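First up is the structure itself, then whatever we jot down about it.
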Amino acid sequence: SEFKPDMIAVVDAIPAGVQRWCRGWDLAATEGAGDYTAGVRLGLLADGRVCIAHALREQFGTDKRDALIKATASADGFGVRQSLPQDPGQAGKGQAQALVKMLAGHQVHTSPETGDKVVRARPLASQVNAGNVVMVRGPWNDAFTGELRTFPNGLHDDQADAAARAYA
């Protein structure tokens, strides 16, 4: 695996000194099957470490997925940037515009995924493997670290993709 999740320190609270927040998203739209829609909230600490504060993943159709994104952004608050992938082509552009409109008032960034997912994950993997990442204790921890442990060859990589997007 690219990631060594055992190097992530689990903490009971978000450390002081978070300079900025971003939640990265990886989108899917199949109810109850296939890929997950995943959202991972990362914070950059003043000392250069990364804090993974929250991760979620659901197998939702489009309407429930969009409601999840809106509710999560609302819970995150306006200080957390929301970063969403944009599929190539006109349909992707339309979807991105609709999501930005739905998240009015939030800091929203959309961009196409470029290059190989392993290459996109390497900057975050480097920080994880150097012991520069902490994770807030939560019921989502096992699913998240399990996915990192098998990336990129595991059954699912949606949370790894979302985390890499947030870090970028």
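The chain is numbered in sequence order, starting from 1. Just so you know, these numbers come straight off a predicted model, no measurement behind them.
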Atom [atom1] in [X], atom [atom2] in [Y]: separation rounded to 0.5 Å?
X: Q82; Y: H106; atom1: CD; atom2: NE2; result: 6.5 Å
X: L148; Y: I52; atom1: CG; atom2: CD1; result: 6.5 Å
X: K117; Y: D157; atom1: NZ; atom2: CG; result: 3.5 Å
X: Q95; Y: T62; atom1: CD; atom2: OG1; result: 7.5 Å
X: H156; Y: D35; atom1: NE2; atom2: CG; result: 7.0 Å
X: T150; Y: F3; atom1: OG1; atom2: CZ; result: 10.5 Å

Checking the side chain of [X] only, and the main-chain atoms of [Y] only, is there a donor and an acceptor separated by less than 3.5 Å?
X: N129; Y: K4; result: yes
X: R65; Y: A29; result: no
X: Q59; Y: T30; result: no
X: R120; Y: G115; result: yes

Is it true that [X] and [Y] fall in one hydrophobic cluster, defined by side-chain heavy atoms closer than 4.5 Å?
X: V136; Y: L56; value: no
X: V80; Y: Y167; value: no
X: V134; Y: I8; value: no
X: L45; Y: V128; value: no

Any idea which heavy atoms bring [X] and [Y] closest together, and the distance?
X: V10; Y: N141; result: CG1-OD1, 4.0 Å
X: I14; Y: A53; result: CD1-CB, 4.1 Å
X: V40; Y: A55; result: CG2-CB, 4.0 Å
X: M102; Y: D66; result: CE-O, 3.3 Å
X: D158; Y: E147; result: N-OE2, 3.0 Å
X: A164; Y: A121; result: CB-CA, 3.8 Å

Decide yes or no for [X] and [Y]: does some side-chain heavy atom of the first lie under 4.5 Å from some side-chain heavy atom of the second?
X: C22; Y: L42; result: no
X: L68; Y: F60; result: yes
X: H109; Y: R81; result: yes
X: L99; Y: V108; result: no
X: V18; Y: L44; result: no
X: L27; Y: I69; result: yes
X: F151; Y: D161; result: yes
X: T37; Y: W25; result: yes

Short side-chain donor-acceptor distance under 3.5 Å, S111 and R165: yes
I would like to know whether W21 and Q107 meet side-chain contact (heavy atoms from CB on, under 4.5 Å); could you show each step before the answer? CA-CA 11 Å; W21 288 106; Q107 307 169 58; over 6 Å; no
By salt bridge (charged side-chain N to carboxylate O under 4.0 Å, His left out), D47 pairs with (sequence neighbours left out) R49
A quick test of your reading: do over 12 heavy atoms of other residues, nucleotides or ligands sit less than 6.0 Å from CZ of R149?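 More than 12 heavy atoms, drawn from other residues, nucleotides or ligands, come within 6.0 Å of this atom.
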What residues form a side chain to side chain contact (heavy atoms under 4.5 Å, CB included) with Q86, not counting sequence neighbours?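 So Q86 forms a side chain to side chain contact (heavy atoms under 4.5 Å, CB included) with K93, A96, T110.
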Please enumerate all residues that pass side chain to side chain contact (heavy atoms under 4.5 Å, CB included) together with A75, with sequence neighbours excluded. none
Between E2 and R122, does any side-chain N to carboxylate O distance fall below 4.0 Å?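 Counted as a salt bridge, because a side-chain N and a carboxylate O are separated by less than 4.0 Å.
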